[in-house]
Number of protein chains: 2
Amino acid sequence: MDATNNTYHRATIDDVASRAGVSIKTVSRVVNNEPNVRPATREAVLQAIKDLKYRPNASARRLAGNRSFLFALVYDDPSAYINATANYITNVQGGALKKAREAGYDLLIHPCDYHDPGVVDEIRVLVEHSRIDGLLLTPPLAEVKPIVRMLRDTETPVIRVSPGKVRGYDAVGTNDREVSAEMTRYLASLGHERIAFIRGHPHHRALAGREQGYLDGMSQSGLRVQKSLVQQGDNSFESGVEVAKRLLRMKNLPTAVFAGNDDMAAGVLQVAGGLGIKVPEQLSVAGFDNVPISRQVWPTLTTIHQPTFELAEKATELLFQLIRGEKLTGRTQIDSSLVIRDSTAPPRE
Amino acid sequence: MDATNNTYHRATIDDVASRAGVSIKTVSRVVNNEPNVRPATREAVLQAIKDLKYRPNASARRLAGNRSFLFALVYDDPSAYINATANYITNVQGGALKKAREAGYDLLIHPCDYHDPGVVDEIRVLVEHSRIDGLLLTPPLAEVKPIVRMLRDTETPVIRVSPGKVRGYDAVGTNDREVSAEMTRYLASLGHERIAFIRGHPHHRALAGREQGYLDGMSQSGLRVQKSLVQQGDNSFESGVEVAKRLLRMKNLPTAVFAGNDDMAAGVLQVAGGLGIKVPEQLSVAGFDNVPISRQVWPTLTTIHQPTFELAEKATELLFQLIRGEKLTGRTQIDSSLVIRDSTAPPRE
DNA sequence: CGGCAGCCTGACAGCGTTGTCAAGAAACAC
DNA sequence: GTGTTTCTTGACAACGCTGTCAGGCTGCCG
């Protein structure tokens with residue numbers, strides 16, 4: 001229990017009332033924009049609210065009033081009946097939500113922009129204000145040092161859904177490195193020797209593991225890695241396009257491209273299409289993630305399936321253990337597996 | 001305020017206590033799995049809980065205890081900095097969440113399976129148990145009669161994010177019909193005469209409007225609709241594949257296909273690729289929605305952009321009006337627009 | 001059989017807010 | 001100036017639960 005017990009004291013309506021020299025009811029009136037408050041009084045209360053950074057406690061409001069300050073977004077989730085149709089975050093939400101409901105918990109979703117330097121404060125406010133029992137952090141946020149450090153200071157239970165290790169933090173991850181090696185060996189076993197790799201965004205640790213796996217797989221297959229065949233992308237489709245343009249105009253073309261994720265692989269497919277390079281006859285392409293797009297491009301993409309929903313379920317279970325104050329068994333791993341489709345074949349010769 | 005005031009009375013801990021003949025504290029112990037309760041007592045309490053369908057009030061627990069029964073899922077939302085990267089529901093969440101935060105509200109997300117007959121009760125429990133001020137309903141749930149009827153009975157403020165009209169219900173929608181007509185006229189203006197249309201799932205009213213728009217556009221362009229060129233899909237990529245296989249094996253091929261959504265259009269692209277039919281030289285393909293996949297296939301897809309995020313923002317604003325008891329100005333419309341890319345061109349002859 | 005420790009149980013005081021109601025102050029009517 | 005309405009304000013009781021603490025009951029030991 002005491003893990004959530006940080007020293008931060010949040011101002012209550014009483015604090016505001018005594019500072020403004022009025023009763024709590026008057027503060028309540030101001031906060032709720034009710035009529036019949038003298039402008040001068042209102043002003044004083046607003047100033048006190050500002051000074052104390054007061055924000056009303058949602059639970060108390062819900063309990064006392066007949067408003068809940070809560071509304072629902074109800075939507076059909078096709079992943080319930082169509083296999084792997086949703087994207088990463090929808091799956092993670094689904095897994096977390098399922099476990100949360102089982103445990104009588106509610107889930108607060110909090111999308112944010114990890115480029116924004118204000119994101120640390122944003123999350124601090126979330127933790128301190130919403131009285132959260134714990135949180136789940138996904139990549140790339142799970143690798144942003146200042147965020148992780150701030151959460152350590154506030155002693156918030158955190159599970160990082162990420163393969164990157166941070167001292168003192170628990171995480172669930174996938175066997176990205178091992179399965180990437182497997183994919184690389186698979187390509188080599190088809191007869192490919194000039195196998196290119198497209199790196200992901202350096203902030204995404206998962207993708208670093210994928211690169212390591214590529215290197216492992218190459219050496220396990222007795223192949224030499226050519227520096228020019230390992231190129232930097234940033235996870236986006238567009239970066240896949242950029243890299244592919246460079247790769248597919250080299251004198252000595254690669255016969256296979258293994259991209260750090262499906263989006264970049266789709267970019268390669270698009271460039272190949274534009275240049276009239278036939279996939280898989282002239283070029284094999286493999287991705288990673290098994291997102292819906294991998295089945296919807298032509299040819300369909302050989303990739304690696306990430307059990308994202310299960311990953312989130314596991315992460316949520318661990319978070320509950322942490323909240324209950326139980327010891328965790330260290331890092332937990334969920335295994336991914338190859339999905340062979342039409343974009344890979346033996347090289348033509 | 002009284003719109004949320006339905007007659008349903010939720011059992012409290014006091015009800016359970018008096019039914020089980022114990023004090024509320026003992027009920028609390030049982031609910032929280034605390035030790036030192038005699039098995040017989042525990043049993044009796046559990047029975048009372050079951051009988052009364054008691055579920056603890058989350059707000060009260062949060063207020064009284066030091067647990068919040070709440071955890072956050074914090075994730076990076078690329079739609080904050082990458083244009084149109086997320087899918088429909090992620091965008092809707094983003095728009096709703098933005099407005100919710102501004103108004104001091106929390107958002108409960110509730111994915112469900114609209115095929116499930118239990119979904120009506122599921123949503124009823126949500127409304128009654130979570131003391132929700134209102135809700136946002138997205139397609140296809142927004143068109144499920146029993147759900148809409150149940151919500152009317154419980155007098156819950158509802159905004160339907162859907163073009164389909166239901167008497168007595170407010171909705172925001174898009175100009176699906178008009179913009180579909182525009183797309184059809186665009187294809188006709190390129191010189192196409194045999195323009196096929198792939199219908200969406202009949203439960204999705206938006207897609208019905210799209211079909212109407214197609215019919216409008218054909219007649220506005222002075223073209224006759226051939227029944228065999230209008231085929232039924234179900235919104236999925238796979239159904240696009242199925243329909244395309246039928247369409248592209250006809251003796252008298254269409255020169256253009258307008259699909260009710262991008263997923264189905266991507267299916268057409270895949271089949272065309274497999275059959276060696278060149279897009280757009282031999283076949284023009286157009287979709288609807290401007291989902292990420294439309295930019296990531298080859299050739300890139302001509303489609304219609306849906307401002308989903310803004311749609312959700314608007315819907316949320318309307319919901320707040322409804323919650324405050326204000327009159328709504330009727331149906332609100334957000335306009336979509338054509339996005340011309342590489343998959344459409346004049347027919348070759 | 002007395003004493004003591006441990007197990008059960010319940011009374012009661014919060015938690016931070018809003019709703020109700022009453023009272024005092026101000027404004028207005030005559 | 002008096003009576004009446006309208007504003008403005010605050011005291012206080014909920015809301016439904018958990019934490020604290022005290023007390024009764026049980027069983028065990030000497």
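Quick note on labels: first sequence line is chain A, next is B, and so on, each numbered from 1. Everything quoted here is computed from the prediction, not taken from an experiment.
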Visitor: Taking the side chain as C-beta and beyond, is there a heavy-atom pair between Thr316(A) and Phe71(B) under 4.5 Å?
Guide: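 Heavy-atom side-chain distance check passes, below 4.5 Å.
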
Visitor: Atom CG of Asp15(A) and atom P of dC15(C): how far apart are they, to the nearest Å?
Guide: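 Taking atom P of dC15(C) as the reference, CG of Asp15(A) is at 11 Å.
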
Visitor: So, does Thr41(A) get its side chain near the phosphate of dT9(D), meaning an N or O under 4.0 Å from OP1 or OP2?
Guide: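 Affirmative; the distance criterion is met.
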
Visitor: Is Glu143(B) salt-bridged to Arg160(B), going by a charged N under 4.0 Å from an acidic O?
Guide: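 Salt bridge present between Glu143(B) and Arg160(B).
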
Visitor: In terms of side-chain heavy atoms of Asn57(B), which of dC17(D), dC8(C), dT18(C) is nearest?
Guide: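 Given the options dC17(D), dC8(C), dT18(C), the side chain of Asn57(B) is closest to dC17(D).
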
Visitor: What is the separation between atom CG on Asp133(B) and atom P on dT18(C), rounded to the nearest whole Å?
Guide: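 So the two atoms are 13 Å apart, to the nearest Å.
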
Visitor: Out of dT17(C), dG16(D), dC17(D), which nucleotide sits closest to the side chain of Leu63(B)?
Guide: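 Out of dT17(C), dG16(D), dC17(D), the nucleotide with an atom closest to Leu63(B)'s side chain is dG16(D).
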
Visitor: Given dC15(C), dT9(C), dA14(D), which nucleotide is nearest the side-chain atoms of Ala64(A)?
Guide: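 Selected nucleotide: dA14(D).
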
Visitor: Among Lys314(A), Gln333(A), Glu310(A), Glu317(A), which residue meets the side-chain contact (heavy atoms from CB on, under 4.5 Å) test with Val172(A)?
Guide: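 Among Lys314(A), Gln333(A), Glu310(A), Glu317(A), the one that satisfies the side-chain contact (heavy atoms from CB on, under 4.5 Å) with Val172(A) is Lys314(A).
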
Visitor: Nearest of dC17(D), dT18(C), dC7(D) to any side-chain atom of Ile24(B)?
Guide: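 Closest nucleotide to the Ile24(B) side chain: dC17(D).
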
Visitor: Distance check needed: dC17(D) C1' versus Ile49(B) CD1, whole Å only.
Guide: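 Between C1' of dC17(D) and CD1 of Ile49(B): 13 Å.
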
Visitor: Considering only heavy atoms from C-beta outward, does the side chain of Tyr75(B) approach that of Ile109(A) to under 4.5 Å?
Guide: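 Yes; the side chains approach each other to less than 4.5 Å.
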
Visitor: Would you mind telling me which of Val31(B), Val125(B), Ile49(B) makes a side-chain contact (heavy atoms from CB on, under 4.5 Å) with Arg55(B)?
Guide: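 Filter result, single survivor: Val125(B).
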
Visitor: Side-chain N or O of Ser28(A) versus OP1/OP2 of dT18(C): is the shortest distance under 4.0 Å?
Guide: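 The answer is yes; a side-chain N or O of Ser28(A) sits under 4.0 Å from OP1 or OP2.
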
Visitor: Could you check Ile13(B) against Pro39(A) and say which one's nearest nucleotide on DNA chain D is further toward the 5' end?
Guide: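 Its nucleotide being nearer the 5' end, the pick is Pro39(A).
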
Visitor: Rounded to the Å, how far apart are Asn32(B) CG and dG16(D) C1'?
Guide: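 Interatomic distance, CG of Asn32(B) to C1' of dG16(D): 13 Å.
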
Visitor: Does Gly65(B) or Val31(A) map to a spot on DNA chain C nearer the 5' end, using the closest nucleotide for each?
Guide: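 Upstream on the strand: Gly65(B).
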
Visitor: Let's see if you can work this out: which of dG10(C), dA11(D), dC8(C) has an atom nearest to the side-chain heavy atoms of Arg38(B)?
Guide: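 Looking only at heavy atoms from C-beta outward on Arg38(B), the closest nucleotide is dC8(C).
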
Visitor: Below 3.5 Å between N/O atoms, which protein atoms pair up with nucleotides 20-24 of chain D? Just atom names and distances, please.
Guide:
none

Visitor: Do Val158(B) and Val148(B) pass the side chain to side chain contact (heavy atoms under 4.5 Å, CB included) test, and can you show the C-alpha distance, the side-chain angles, and the key distance before you say yes or no?
Guide: CA-CA 9 Å; Val158(B) 175; Val148(B) 174; over 6 Å; no

Visitor: In this structure, how many angstroms lie between the P atom of dC15(C) and the CG atom of Asp14(A), rounded?
Guide: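 Whole-Å distance recorded here is 9 Å.
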
Visitor: Measure the shortest side-chain to side-chain distance between Asp113(B) and Val119(B) over non-hydrogen atoms and say whether it is less than 4.5 angstrom.
Guide: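 Answer no - side chains too far apart.
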
Visitor: Taking atom P of dT17(C) as reference, at what distance in whole Å does atom CZ of Phe69(A) sit?
Guide: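 Value for this atom pair: 11 Å.
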
Visitor: Counting C-beta onward and ignoring hydrogens, is there a side-chain heavy-atom pair between Leu97(B) and Pro111(A) closer than 4.5 Å?
Guide: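 Yes, side chains in contact.
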
Visitor: Check whether any side-chain nitrogen or oxygen of Asn36(A) sits under 4.0 Å from OP1 or OP2 of dT8(D), and answer yes or no.
Guide: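 So the side chain of Asn36(A) is within the cut-off, an N or O lying under 4.0 Å from OP1 or OP2 of dT8(D).
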
Visitor: Expressed in angstrom and rounded to an integer, what is the separation of Arg10(B) atom CZ from dC15(D) atom P?
Guide: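 Interatomic distance, CZ of Arg10(B) to P of dC15(D): 14 Å.
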
Visitor: Mind running side chain to side chain contact (heavy atoms under 4.5 Å, CB included) on Leu108(A) and Leu73(B) for me, showing each step along the way?
Guide: CA-CA 6 Å; Leu108(A) 217 57; Leu73(B) 168 64; over 6 Å; no

Visitor: Would you say a side-chain N or O of Ser23(A) is under 4.0 Å from OP1 or OP2 of dG10(D)?
Guide: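 Ser23(A) to dG10(D) OP1/OP2: side-chain N or O found under 4.0 Å.
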
Visitor: Using the C1' atoms of five pairs at each end, what's the angle between the two axes of the helix from dC1(C)-dG30(D) to dC30(C)-dG1(D), to 10 degrees?
Guide: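 Answer for the end axes of this duplex: 40°.
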
Visitor: Between Arg62(B) and Asp106(A), does any NZ, NE, NH1 or NH2 come within less than 4.0 Å of an OD or OE carboxylate oxygen?
Guide: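 A salt bridge is present here (some side-chain N lies under 4.0 Å from a carboxylate O).
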
Visitor: To the side chain of Thr26(A), which of dT9(D), dT17(C), dG16(D) is closest?
Guide: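 Within the option list, the nearest is dT9(D).
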
Visitor: Over how many whole Å does the gap from Arg62(A) atom CZ to dG16(C) atom C1' extend?
Guide: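 My rounded result for the distance is 13 Å.
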
